[in-house]
Amino acid sequence: MIRSSETPRGAIGSEEPPAAKSLARRSFVTLFLLSLAVMVTAVLAATAASYSSYEREAEDYLLAQTRTCAASLEGKSAQDMVEALQALPLTDTRVTLVAADGTVLFDSAVDASTLGNHSQRAEIAQALESGQGVLLRRSQTLGRDTLYAAVSVGDKAVLRLAETRTSLASFLGRMGWQLALSLVVIFVLSLFASRLLTLMVVRPLQEIDLTRPLQNRAYAELQPLLVRVDEQRRELETQNDELQRAVTLRREFTGNVSHEMKTPLQVIGGYAELMEQGVVPPQDVPRFAGLIRRESEHMRLLIDDVLALSRLDESTGGDEPVALRQVCGRVAARLEPASSAKSLRVTLDCQDAVVMGVPSSVEQLVYNLLDNAIEYSPVAGVVSVKVRDEGDGGVVLTVRDQGPGIPDELKERVFERFFRVDSSRSRDTGGTGLGLAIVKHAAESMGGTVEVLDAPGGGACLRVWVPAAS
């Protein structure tokens, strides 16, 4: 069996987007057909109106002509009327004289004796009744469409004049070349107008600048779309800036970690090499071993802090209520050996307050705040820890020490990774430079903030605000 690794056309994952429809083409075709239909309809309507006007004028003229002839026959005998009508110079007009009883007395087109009684002809009956009548019908005698105008001559007879009329088809036929020329002009004008209107409609769409959506003078109907595009553009720019910032921070963080680890590794490697070569006097071996132990401890602390930051970066939830008072008590107990070594007194003034967060992150936040205060406090100093429920949906944790404090120009930078207020003392205090960065990261992951406050009397005061558990 032959197997093909190609994905079949139409399979999931290989669908091609539908062919894009051209707005310009659709608009042009629609406008062209619409304008062509409108113009052709207008021409036909104008032609029909002209034909109707032409017919009305012909009726009025023929009726007036009939009245004039009838007036000239008033008071004459039937024979005199016939003689007078025979003398009329009406070559294209048929003249018929009908007696009151319907007998045809005279007809200029055919022999009157061959014609039947005309009393039932509509125009004759109308003239006998009301004095005049006008009618367009097909002549049975002549076999053509004929316009009849009949006027009574006293009460003796009815004079009827008739003219052969041009039908609408014949009327249009005689205007054939004019209509053909009109249709050609209409076609060209429709083509030009449709093209012009299409350009007017499409050009604003083609000129839209998506890099600055809200600065376009576009149609009002497009404003919601442009607003959405602008929002997405801003979101993408923000995400791109955050991504670039994250890449820069990660690059700097990697460089700083490498630098921080390189120093203790060099110390450990150097002292170990001296001890391995036997050039260290026996009485100095304990001192060298202590140095190696302290540097390895520093590396362990650095690795723990890096892992803590990594866990905070990867944290995606799992919040639960955490009693902040109990956390402060546990952390103070864990750090009691460090505070006792410096004869420090740690005071706890904590209200019952519950916050939402990952328990390990909350403990990391409190631990690094208290550890930082112990490291920078002088011997026999006091470290104060307070927890207050603000009553407005927030909980405030404050840690204050009696150390050298933080200058105003460095209060924002102390939360940067690997930043130290006094880099010359960083190795002596044993800090990694990541403690306050972990505090800030943990506070922000809980929806809170951290800041450095002025501490009257000296020292540093760090304040953390986090939302209280509802």
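We're numbering straight along the sequence, starting at 1. Remember, it's a predicted structure, so these values are computed and weren't measured experimentally.
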- Item | Other residues, nucleotides, ligands: >12 heavy atoms within 6.0 Å of E412 CD | no

- Task: Please list, chain by chain and in numerical order, all residues satisfying side chain to side chain donor-acceptor pair (under 3.5 Å) with R195, sequence neighbours excluded.
- Result: none

- Partners passing side chain to side chain donor-acceptor pair (under 3.5 Å) against E237 (at least two apart in sequence or in another chain): R233

- Item | Q364 backbone acceptor or donor facing N368 side chain under 3.5 Å | yes

- Item | Residues that D352 engages under salt bridge (charged side-chain N to carboxylate O under 4.0 Å, His left out), provided they are two or more places apart | R325

- Query: Who passes side chain to side chain contact (heavy atoms under 4.5 Å, CB included) against S35, sequence neighbours left out?
  - Reply: S190, S194

- Query: Looking at CD of E123 and NE2 of H118, how far apart are the two atoms once the value is rounded to the nearest 0.5 Å?
  - Reply: 7.5 Å

- Query: With a 4.0 Å cut-off, would you call E416 and R413 a salt bridge?
  - Reply: yes

- Message: The criterion is side chain to side chain contact (heavy atoms under 4.5 Å, CB included); which residues satisfy it with V201, sequence neighbours excluded?
- Response: Y219

- Roughly how far apart are L34 CG and M39 CE, rounded to 0.5 Å? 10.0 Å

- Pairing residues for D408 by the side chain to side chain donor-acceptor pair (under 3.5 Å) criterion, not counting sequence neighbours: K411

- Message: Within a 6.0 Å radius of atom CD on E129, are there more than 12 heavy atoms belonging to other residues, nucleotides or ligands?
- Response: no

- Message: Is the shortest side-chain heavy-atom distance between L365 and I438 below 4.5 Å?
- Response: no

- Are D60 and R56 close enough for a salt bridge, meaning some N to O gap below 4.0 Å? no

- Do the non-hydrogen side-chain atoms of L462 and L436 ever get within less than 4.5 Å of each other? yes

- Item | D107: partners by salt bridge (charged side-chain N to carboxylate O under 4.0 Å, His left out), with sequence neighbours left out | R94

- Task: List for me each residue that meets salt bridge (charged side-chain N to carboxylate O under 4.0 Å, His left out) alongside K440, sequence neighbours excluded, and say none if there are none.
- Result: none

- Can you run down the salt bridge (charged side-chain N to carboxylate O under 4.0 Å, His left out) pairs that involve residues 28-51, sequence neighbours left out, and say none if there aren't any? none

- Message: Tell me every residue that passes salt bridge (charged side-chain N to carboxylate O under 4.0 Å, His left out) with E451, counting only those two or more places apart in sequence or in another chain.
- Response: R463

- Which is it for K386 and Q351 under the side chain to side chain contact (heavy atoms under 4.5 Å, CB included) test, yes or no, and what are the steps along the way? CA-CA 8 Å; K386 292 183 179 181; Q351 295 180 348; over 6 Å; no

- Message: With a 3.5 Å distance limit and no angle check, can you tell me whether D401 reaches the backbone of Y376 through a side-chain donor-acceptor pair?
- Response: no

- Task: Identify, with sequence neighbours excluded, every residue that meets side chain to side chain contact (heavy atoms under 4.5 Å, CB included) alongside P321.
- Result: V354, M356

- Query: Is there side-chain contact between V327 and V322, with heavy atoms separated by less than 4.5 Å?
  - Reply: yes

- Item | Criterion side chain to side chain contact (heavy atoms under 4.5 Å, CB included) against L105, the qualifying member of L115, L97, T96, L85 | L97

- Using modelled atom types only, decide if a donor and an acceptor are shared between the side chain of T68 and the backbone of A64 within a distance under 3.5 Å. yes

- Query: In chain order, what residues pass the side chain to side chain contact (heavy atoms under 4.5 Å, CB included) check against Q132, with sequence neighbours excluded?
  - Reply: L63, R67, V151

- Message: Applying the side chain to side chain contact (heavy atoms under 4.5 Å, CB included) criterion to I406, which one of V452, L453, D454 satisfies it?
- Response: V452

- Query: With side chains defined as the heavy atoms from C-beta onward, is the minimum distance between E390 and V395 less than 4.5 Å?
  - Reply: no

- Is there a ring pair (Phe, Tyr, Trp, His ring centres under 6.0 Å) between F187 and F32 once you walk through the steps? CA-CA 9 Å; F187 183 86; F32 174 70; 5.4 Å; yes

- Query: With distance as the sole test, does S72 use its side chain to make a donor-acceptor pair with the main-chain N or O of C69 at under 3.5 Å?
  - Reply: yes

